[in-house]
Structure formats: structure tokens, C-alpha cells
> 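Mind looking over this structure? Questions follow.
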2 protein chains.
Amino acid sequence: MKKTPATARTVRRGALTGQAEDYLKAIYEMEQGGEPAATNAVAALLGIAPASVSGMLQRLSRLGLVHVERYRGARLTHMGRRAALQLIRRHRIIESYLVTRLGFGWDEVDEEAERLEHGASTELVERMAAALGHPTEDPHGAPIPTSDGVVDERRLQSIADLAVGQTARVVRVSDRDSEFLRYLAAMGIRPNATVKVADRAPFDGPVTITVRGARHQLGVAAASRVYVEPVARTRRAAK
Amino acid sequence: MKKTPATARTVRRGALTGQAEDYLKAIYEMEQGGEPAATNAVAALLGIAPASVSGMLQRLSRLGLVHVERYRGARLTHMGRRAALQLIRRHRIIESYLVTRLGFGWDEVDEEAERLEHGASTELVERMAAALGHPTEDPHGAPIPTSDGVVDERRLQSIADLAVGQTARVVRVSDRDSEFLRYLAAMGIRPNATVKVADRAPFDGPVTITVRGARHQLGVAAASRVYVEPVARTRRAAK
DNA sequence: ATCGTATGTTAGTCCATACTAACTCTTAAG
DNA sequence: CTTAAGAGTTAGTATGGACTAACATACGAT
């Protein structure tokens, strides 16, 4: 017994190491724009060298998790997408649990979930989900894929896309930068908050918005990381 | 930036990988008998080849976590012991949390905690502990070291050490084998249960015990994995 | 005191993962 | 249409961690 080859002890569930899982998530995210995931983009997102990504793409390809077109980029296969969605589900459920059951701030949970998602069993994640009443969104407003890998990734507008005078409901905010999240929280920007664009500087300059009566300036970088759904004042069925 | 050498991404907190942490825990456990941890024993406990243990001992030694005496075995250094106790604290708090907050059975949590303990931040573990009111024992009766690494590892007797007629309170049970735990649970053996030795076969044969009025036979292997504190009927201060 | 078995260690491989350096494509600018 | 910059890949190296096979040590039994 115990003839398991080398890395077996570090492997969970589906025979994927934590690293490999991170790549799948990264590729999934990059792919959302429609284009295959670019090597350099994945490298930048994960903070590693492009050459390392090339290497990993070959391994993932061998495992049937991605299709790689040389010099073009990678796309997830069916299997790869399923794995990525499972991981994202884990991540978001864990984040939700940490916030609602253990009192973490929404700016603190991404990193923690990042580490836990690789070790947590499906059983644990499902128990957390059940304890929370099977939430459909995480604390940042991101949709939680179902255990069958179904997720509503509708294309969202960001504040940067709104016209002056428009009012919108915040649906979701980018969760990757805890400083940014604290900054948003300080202004009262969180899922379901209502924002109104008061002014916009030309040439993609900062946007002035009103949140709960207070005016704030948002740089483009920030504005484009807050996703909203315009509130239809003029009747034009908001679907 | 990101000149971090290779394994940095898999490393948590104190620059130790999950594997290395497992070794420390194993060595800590083996050492409890007073003797340095034997290579083969560690290998058996972790399910790996003895040669792999030799290799890891050298790495741990280089990191100042163990003292290795060639051909003799390993002992934890101060630092190593602290690391091991931190890990054990994590493990036991996580087990406790899973049982009391997420409805896991005591026979299901060892494996899960084994994986989570490497990814969970100190912050998370302390929040779990706080949520539980800072428990001092895990669900199997094992003491939880404090965050300063203090633990009451008093030498315990097992049922196998008791004489016929003696009554004892179950203090703790071995947690490594979930089948064994279910077997104990079925008999009503759990921390704080009272058992009485009704009979003992000679030559280390099975022990007959009474638990909550019912009689059961326990093999030596089982009996020696249930730790008890004799109940002093004859007055002779139970310390 | 010796010797054989247990136990332990070294040597040589392997794989995953990362890196740098050097090379190769792709593509946009002219 | 050419070409150079930027994107991507390969080659070569390192480290952690595991394996097997072969060698080394310790120690209890004779």
C-alpha cells in the first residue's frame, strides 16, 4: 500500500493541486470577456512568471481541463469549467460564511477563502451553505454557482458606464482588493446601495456620485469596479 | 516583485508547508512517550516511506525545528514544539467547531480538520474558538493547547490498565479511526461516560465492561485507546 | 564479542511548480 | 510588405517532496 505517486498527499477531491485549481479560476475569470485567457494576463493575475503559466497550461491540457492554442491562449474545457465553478462556489460560500457567521469584514475574507477553498470538503461547503440558507450571492454581490455549476454571469455595467444623472443600484463590487473594499464601505457603497451620477469629468476623468445624500468622487479605476443595474425611472421595463 | 523562490505560494503563515507541518505534529505525538521520534514510526503514522522521513528531517533540522541524532531519531526544538502545538490547537479548535456549529459527527472531523488546519489563518481559528467560548477540550476529550502553546498532557491510563471491578470516567478517546469512533459511540463510550470493568480475560484478552448498565466486550487494542481516570471509591485522593 | 535483523540513511529518480534567459510568433505601425 | 515590440514558448535550473534500491548502523540474541 501507499504506492501513491509523490504528490498524492497534497491532492484533494478531484486529483487537482491547489495551484492548478487557482489557474482554472484565473482562466475562468479571464475568459469571461469572451476571449481565451492570455498567458500574460493569467501570469499577472496570479503573480507568477509567464513561463510558469505556459508550463501549467500544458499540464492542465494533458489533464483535459483546458484547450490551449499555441501563442493564442487557453480556454476551459467542459471539465475545466465545471472544476472552476465548483471552486468559485466553494470560495463564495466560504466568504459568506465567514462574514455572516464569524464576523469577518467583507474586506478580510477573500484571502482566507482563497486558502480554505482548497482544503474544504464538499460536505463542509454544503453544510456551510445549508447553515446560511443556501445563499445565492456572496458578500460582495457575486453570484454563487449552484453545485451543478450553474451561475448567472450576466454582463454588468459599472459606474463608469453610467451617464450623468443616472441612478443605479449597486449589484456587485470587485473583491480582490481589501483596501478598495474599505474605501467603498466608508462611502456606503455595497450591494443594494443606490448611487446617482452627479457629474463626470471629460476624457474618462473621475465620476462624482451621490450615495445616501453624500457626494463622492470616484476615479475611473474605482468606478469600473463597482457593478450596477440602472434604475429605470423612465418606464422601460428593467427586465 | 515576485521573486519569491518557488514554493512561496504554497506556504502559509510561518513559512512552513502543509507537509512539513504534518511531520511536526507526528513527531510531537511520538515524542510523548519520552523517546525521540523514530523514523519508521513517523513514516508509519504518515503513511510514507522511511527514506522520505529521513529527507524531511534534514529539512526540518535546517529550519531549526528539530534536533536529529543520526540513526537515533528526532526531537522537536523549542520552535518546533511551538509550531506543533499551534497546529494541534488549530486542529482541535476546528474539530470542535465542526462538531458543535456545523453538525458533524465526532467520527467525521479528524480528516477535515487535517486539511483545514494548514490553510486556516490564526485569526480564523481564534474567531472559531471565541464563538465556542474558548473550549479547553476537543470532541474526543483531547486538551486544546492555549495560543501560548501550553497544554496539559497528563499521562492517562487506558481501560486496558484498569483492574477488574474498577470504575472510571472516560476522559478521552483516540480520534484517528472513524470506524472505531462509531463503534465507541454505539456503546455509549464518550468523554465523561462512566465505565466499570466487569471482567478481564487472562493474557491481555478482551475486557468486559459495563457502560450505562449494558455489558460490552472490548479487545485490548480498543481498550487501550480509551483513556480514563479511575473514580476513587476507596478514599485515596484522586489527585 | 559477534552477527543478523531491525532500523536508518544515502543515492538516484520523478513530478509539480517556480524561475531566468533565450528564442519564436503575432501583429500593428510604418 | 516589412519589421520591431510585445506576447508566448522552450530550455535549463532549482526546490520541495515522495519513491525504490542499495548501503550503513545499532543492538539483542547467541
Side-chain angles (χ1 to χ4, degrees), chain A residues 1-12 14-27 30 33 35-75 118, chain B residues 1-12 14-27 30 33 35-75 118:
Chain A
M1 69 186 102
K2 290 304 172 197
K3 302 267 149 145
T4 37
T7 53
R9 300 191 75 247
T10 65
V11 164
R12 295 99 208 154
L16 265 198
T17 70
Q19 266 76 306
E21 289 181 331
D22 284 338
Y23 277 88
L24 291 182
K25 270 207 325 187
I27 294 166
M30 314 263 63
E35 293 299 297
T39 299
N40 276 6
V42 173
L45 189 65
L46 297 179
I48 61 187
S52 310
V53 175
S54 289
M56 179 60 93
L57 289 183
Q58 294 179 358
R59 267 167 262 138
L60 292 177
S61 173
R62 223 175 49 214
L63 294 172
L65 296 165
V66 299
H67 281 309
V68 181
E69 257 187 288
R70 255 155 122 271
Y71 292 101
R72 282 293 155 72
R75 276 178 201 285
H118 303 298
Chain B
M1 70 187 104
K2 289 306 174 198
K3 303 268 148 144
T4 37
T7 52
R9 299 192 75 248
T10 63
V11 164
R12 295 91 211 163
L16 265 197
T17 68
Q19 266 77 306
E21 290 181 331
D22 285 338
Y23 277 88
L24 291 182
K25 272 207 326 188
I27 293 167
M30 314 261 64
E35 293 299 298
T39 299
N40 276 6
V42 173
L45 189 64
L46 297 178
I48 62 189
S52 310
V53 175
S54 288
M56 179 60 92
L57 289 183
Q58 294 180 357
R59 266 168 262 140
L60 292 177
S61 174
R62 223 173 50 212
L63 293 172
L65 295 165
V66 300
H67 281 307
V68 181
E69 256 186 289
R70 258 157 119 271
Y71 292 102
R72 283 292 157 71
R75 276 179 202 283
H118 303 299

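Note that this is a predicted model, so its numbers are computed, not measured. Below, read A as the first sequence line, B as the second, and so on, with proteins coming before strands; counting in each chain starts at 1.
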> What is the distance from atom CZ of A:R70 to atom CD of A:Q58, rounded to the nearest 0.5 Å?
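Reported to 0.5 Å precision, the distance equals 8.0 Å.
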> Set out, line by line, the N/O atom pairs under 3.5 Å between protein and nucleotides 25-29 of chain C.
none

> Of the candidate nucleotides D:dT20, D:dT10, D:dA18, which contains the atom at the shortest distance from the side chain of B:S52?
D:dA18
> Looking at the side chain of B:A38, which of D:dG17, C:dA18, C:dG8 is the nearest nucleotide?
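Of the options given, the side chain of B:A38 lies nearest C:dG8.
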> Do A:L24 and A:V66 pass the side-chain contact (heavy atoms from CB on, under 4.5 Å) test, and can you show the C-alpha distance, the side-chain angles, and the key distance before you say yes or no?
CA-CA 8 Å; A:L24 291 182; A:V66 299; 4.2 Å; yes
> Expressed in angstrom and rounded to an integer, what is the separation of B:H118 atom NE2 from D:dG17 atom P?
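That distance rounds to 12 Å.
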> Taking atom P of D:dG8 as reference, at what distance in whole Å does atom CE of A:M56 sit?
17 Å
> Which one, C:dT17, C:dG8, C:dA18, comes nearest to the side chain of A:Y23?
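Selected nucleotide (nearest to the side chain): C:dA18.
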> List for me each residue that meets side chain to side chain contact (heavy atoms under 4.5 Å, CB included) alongside B:A41, sequence neighbours excluded, and say none if there are none.
B:M30, B:A38
> Rounded to whole angstrom units, what separation is found between the CD atom of B:E69 and the C1' atom of D:dA26?
13 Å
> Just name whichever nucleotide pairs with D:dA5, Watson-Crick or G-U, keeping both distances under 3.5 Å, else none.
C:dT26
> Just the rounded figure in Å: distance from C1' of D:dG17 to CG of B:L24.
15 Å
> Give the rounded distance in Å between these two atoms: CD of B:E35 and C1' of D:dA26.
14 Å
> Roughly how far apart are B:L60 CG and B:L16 CG, rounded to 0.5 Å?
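The CG atom of B:L60 sits 7.5 Å away from the CG atom of B:L16.
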> As a test of reading the structure: which of C:dA16, C:dA18, C:dT9 is closest to the side chain of A:R62, going by heavy atoms?
C:dA16
> As a test of reading the structure: which of D:dA7, C:dA18, C:dG8 is closest to the side chain of A:N40, going by heavy atoms?
D:dA7
> Calculate the interatomic distance between A:L60 atom CG and C:dA16 atom P; express it in whole Å.
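Going from CG in A:L60 over to P in C:dA16 covers 11 Å.
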> Excluding sequence neighbours, so at least two apart, what forms side chain to side chain contact (heavy atoms under 4.5 Å, CB included) with A:R72?
A:E69
> If you compare every side-chain N and O of B:Q58 against the phosphate oxygens of C:dT9 (OP1, OP2), does one of them come in below 4.0 Å?
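B:Q58 to C:dT9 OP1/OP2: no side-chain N or O under 4.0 Å.
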> Is the base of C:dA6 syn or anti, if syn means a glycosidic angle within 90° of 0?
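Classified syn.
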> Show the numbers, then the answer: is there a side-chain contact (heavy atoms from CB on, under 4.5 Å) between B:V42 and B:I48?
CA-CA 8 Å; B:V42 173; B:I48 62 189; 5.9 Å; no
> Whole angstroms only, please: what is the CG-C1' distance between A:L16 and C:dA16?
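Going from A:L16 (CG) to C:dA16 (C1'), I get 12 Å.
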> In this structure, how many angstroms lie between the P atom of D:dG17 and the CG atom of B:L46, rounded?
12 Å
> Could you state the interatomic distance from CE (B:M56) to OG1 (B:T39), rounded to the nearest 0.5 Å?
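With rounding to 0.5 Å, CE (B:M56) is 13.0 Å from OG1 (B:T39).
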> Under 4.0 Å between a side-chain N or O of B:R59 and OP1 or OP2 of D:dG17?
yes
> For the side chain of A:S54, counting heavy atoms from C-beta on, which of D:dT10, C:dC19, C:dT9 is nearest?
D:dT10
> Calculate, to the nearest 0.5 Å, the distance between atoms CD1 and CG belonging to A:I27 and A:D22 respectively.
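It comes to 11.0 Å.
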